[in-house]
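Chain letters run A, B, ... following the sequence lines, proteins first, then strands; residues in each count from 1. All values derive from a computational prediction rather than experimental measurement.
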Number of protein chains: 2
Amino acid sequence: MDAHPDPAGDAGSVARQAYRYIRERVISGAYAPGSRLTEEQLARELGVSRTPVREAVRQLAADGALVLKPNYGIFVGAWSRDEVAQLFDLRVMLESEITALAAANIGAAEIAQLTGLQDELEARGCDLSPDNIERIAAHNREFHRVVAAASAKPRFVAMLANAIEMPIVQQTFRRYSAAQMARSFAHHRELIDAFRARDPAWARHVISCHIHAAKHARLDSDAAPAGAAQ
Amino acid sequence: MDAHPDPAGDAGSVARQAYRYIRERVISGAYAPGSRLTEEQLARELGVSRTPVREAVRQLAADGALVLKPNYGIFVGAWSRDEVAQLFDLRVMLESEITALAAANIGAAEIAQLTGLQDELEARGCDLSPDNIERIAAHNREFHRVVAAASAKPRFVAMLANAIEMPIVQQTFRRYSAAQMARSFAHHRELIDAFRARDPAWARHVISCHIHAAKHARLDSDAAPAGAAQ
DNA sequence: GTATCGGGCATTGTATACACGGCGCCGCGC
DNA sequence: GCGCGGCGCCGTGTATACAATGCCCGATAC
């Protein structure tokens with residue numbers, strides 16, 4: 001894996017690469033929730049020494065992706081169904097306020113940007129294959145990021161979002177049905193309309209619906225995961 | 001206080017000590033905002049090697065207390081007046097919701113606990129000497145932590161609070177006048193009464209006032225002292 | 001005088017070696 | 001057979017050595 005260390009596109013330090021690698025494995029479920037890891041094993045997997053691995057692991061522990069037991073071990077984070085539900089409730093609070101702010105402050109350029117993003121999103125939306133889902137998720141994050149930027153407090157909103165992102169992103173969005181995806185897109189469209197109307201209250205309620213729907217999609221997909229391949 | 005989501009490492013660990021030491025120096029202003037630090041200097045100050053210092057520094061960067069420039073240096077976090085104001089606005093959002101939840105869920109035991117804390121707080125309140133201020137601040141944090149615990153989502157609320165704590169705690173609360181302190185205490189008392197009445201709306205508005213007052217106290221205290229250079 | 005290029009140096013980034021501490025296992029005693 | 005204490009192994013915690021990187025600043029050309 002490090003045998004081909006892209007000479008030109010050194011996409012960051014080794015520690016950063018390790019961070020992304022481990023994070024990806026945690027999110028995708030390759031490391032089972034609650035399971036134990038060791039620094040040395042990760043170092044071997046990545047073909048690097050323990051030092052950058054330690055750095056990545058500490059960072060992921062701060063994100064909540066891993067839990068460290070001092071002088072003992074590293075464990076993959078695990079959240080109960082109830083905790084995930086709590087987290088979505090918190091997200092409703094946060095994003096409602098942020099989106100209302102955005103509706104009051106947003107400019108025409110940003111609305112156009114959101115429209116463009118949503119066009120691309122829907123162009124891809126028909127294909128639900130795993131790797132395309134990944135691209136859709138990325139676009140979706142970008143959409144929400146632009147909304148956060150329009151709230152006039154982008155830096156701190158990002159910090160908050162980061163603090164609670166991990167338990168939510170783990171496995172989310174990968175199991176959306178076509179109907180759920182369609183509803184999600186409809187919410188985005190309605191949100192853009194609310195922005196065009198500069199109507200904070202409308203925007204607030206749209207985003208509330210959006211996240212509530214996501215919450216239940218997630219909880220349902222946790223409950224009935226049998227069929228899908230990992 | 002075990003519930004405190006402090007970064008990994010047991011209390012005696014060198015890395016943990018380094019974390020607390022540097023954090024304290026940043027908060028107290030011993031390291032001026034925006035100034036540059038080096039790992040080696042910090043290691044010498046603490047009498048340890050760079051390794052645990054690096055760990056502490058990374059943690060503090062995640063907290064927002066420090067800013068790292070890759071391959072170059074470590075800088076103490078600095079926030080503009082406007083950013084601090086934004087942060088307090090965000091806190092109003094968050095704590096309003098959390099406090100309203102707490103008002104709906106809180107039990108008699110927790111109300112008694114808050115009352116006890118507030119009694120202690122006011123017993124100390126007359127003395128505004130710097131080291132006593134520190135104790136008052138600790139009690140104040142504990143008060144708000146108990147409220148968060150009553151919101152039925154303590155773990156994630158703590159994560160959120162942690163994410164935005166640093167720019168606020170830096171220098172805050174140290175310059176409260178006697179009148180401001182008295183008002184703060186009055187808010188706490190009123191909040192307890194709102195909890196007794198199980199009135200979420202009342203509690204929400206009390207905490208809003210509380211944080212708005214804190215915001216302006218902080219902004220004024222930033223403006224007043226000799227540091228007019230910035 | 002000013003802009004640009006290149007070498008030196010300070011500082012971070014990574015690897016390796018060693019120390020410390022906890023957990024589990026085995027043997028002993030009861 | 002069961003509980004308890006010492007011992008060894010495994011894994012993290014810390015120190016040190018070396019490599020790589022980016023800024024600072026002087027030299028040089030225009």
Side-chain angles (χ1 to χ4, degrees), chain A residues 1-23 25-26 31-32 34-77, chain B residues 2 5-23 25-26 31-32 34-78:
Chain A
M1 39 209 75
D2 67 327
H4 306 289
D6 288 348
D10 177 13
S13 68
V14 174
R16 194 74 199 150
Q17 283 178 268
Y19 173 86
R20 281 198 298 264
Y21 174 81
I22 300 171
R23 186 175 194 274
R25 306 273 288 180
V26 169
Y31 301 141
S35 63
R36 182 176 177 179
L37 306 173
T38 74
E39 294 175 356
E40 197 174 335
Q41 166 205 338
L42 294 169
R44 274 207 317 275
E45 262 183 64
L46 284 151
V48 299
S49 83
R50 276 178 52 213
T51 310
V53 169
R54 275 179 69 83
E55 193 172 313
V57 163
R58 296 311 212 267
Q59 185 73 36
L60 287 161
D63 293 348
L66 301 176
V67 177
L68 305 182
K69 295 203 177 182
N71 285 311
Y72 184 56
I74 303 162
F75 297 85
V76 180
Chain B
D2 284 322
D6 274 348
D10 73 273
S13 137
V14 174
R16 186 90 192 94
Q17 281 178 268
Y19 174 86
R20 281 197 301 262
Y21 174 81
I22 300 170
R23 186 175 194 275
R25 305 272 289 179
V26 169
Y31 301 140
S35 63
R36 183 175 179 177
L37 305 174
T38 74
E39 293 175 357
E40 196 174 339
Q41 166 206 338
L42 293 169
R44 273 208 316 276
E45 264 184 59
L46 284 149
V48 299
S49 83
R50 277 178 50 213
T51 311
V53 170
R54 275 179 70 82
E55 195 171 312
V57 162
R58 296 312 212 267
Q59 273 298 337
L60 287 161
D63 294 348
L66 301 176
V67 177
L68 305 182
K69 294 203 176 183
N71 286 309
Y72 183 56
I74 303 162
F75 297 85
V76 179

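Scanning atom types as modelled, one donor and one acceptor separated by under 3.5 angstrom connect the side chain of A:Arg50 and the base of D:dG13.
In this view, B:Arg36 and B:Tyr72 satisfy the side-chain hydrogen bond (donor to acceptor under 3.5 Å, both in side chains) rule, not counting sequence neighbours. Residues satisfying the side-chain hydrogen bond (donor to acceptor under 3.5 Å, both in side chains) test with A:Arg54, not counting sequence neighbours, are A:Glu39, B:Glu55. Under the rule for a side-chain hydrogen bond (donor to acceptor under 3.5 Å, both in side chains), the partners of A:Gln41 that lie at least two apart in sequence or sit in another chain are A:Glu45. With sequence neighbours excluded, the residues that form a side chain to side chain contact (heavy atoms under 4.5 Å, CB included) with B:Ala43 are B:Arg50, B:Val53.
Think of the region where chain A sits on DNA chain C: with heavy atoms and a 4.0 Å cut, that region ends 5' and 3' at C:dT14 to C:dC23.
Phosphate proximity of D:dT12 to A:Arg58: absent, as no side-chain N or O sits under 4.0 Å from OP1 or OP2.
Fit an axis to the five pairs at each end of the helix from C:dG1-D:dC30 to C:dC30-D:dG1 and the two axes sit 10° apart, to the nearest 10 degrees.
Taking for each of A:Tyr72 and B:Arg54 the nucleotide of DNA chain C with the nearest heavy atom, the 5'-most of the two is the partner of B:Arg54. Between B:Asn71 and B:Arg36, it is B:Asn71 whose nearest contact on DNA chain D lies nearer the 5' terminus.
A:Ile74 places none of its side-chain heavy atoms less than 4.5 Å from the side chain of A:Tyr31.
Base engagement by B:Thr51 is indicated by at least one non-hydrogen atom pair under 4.0 Å involving a base atom. Looking at heavy-atom distances under 4.0 Å, B:Leu68 makes no contact with the nucleic acid at all.
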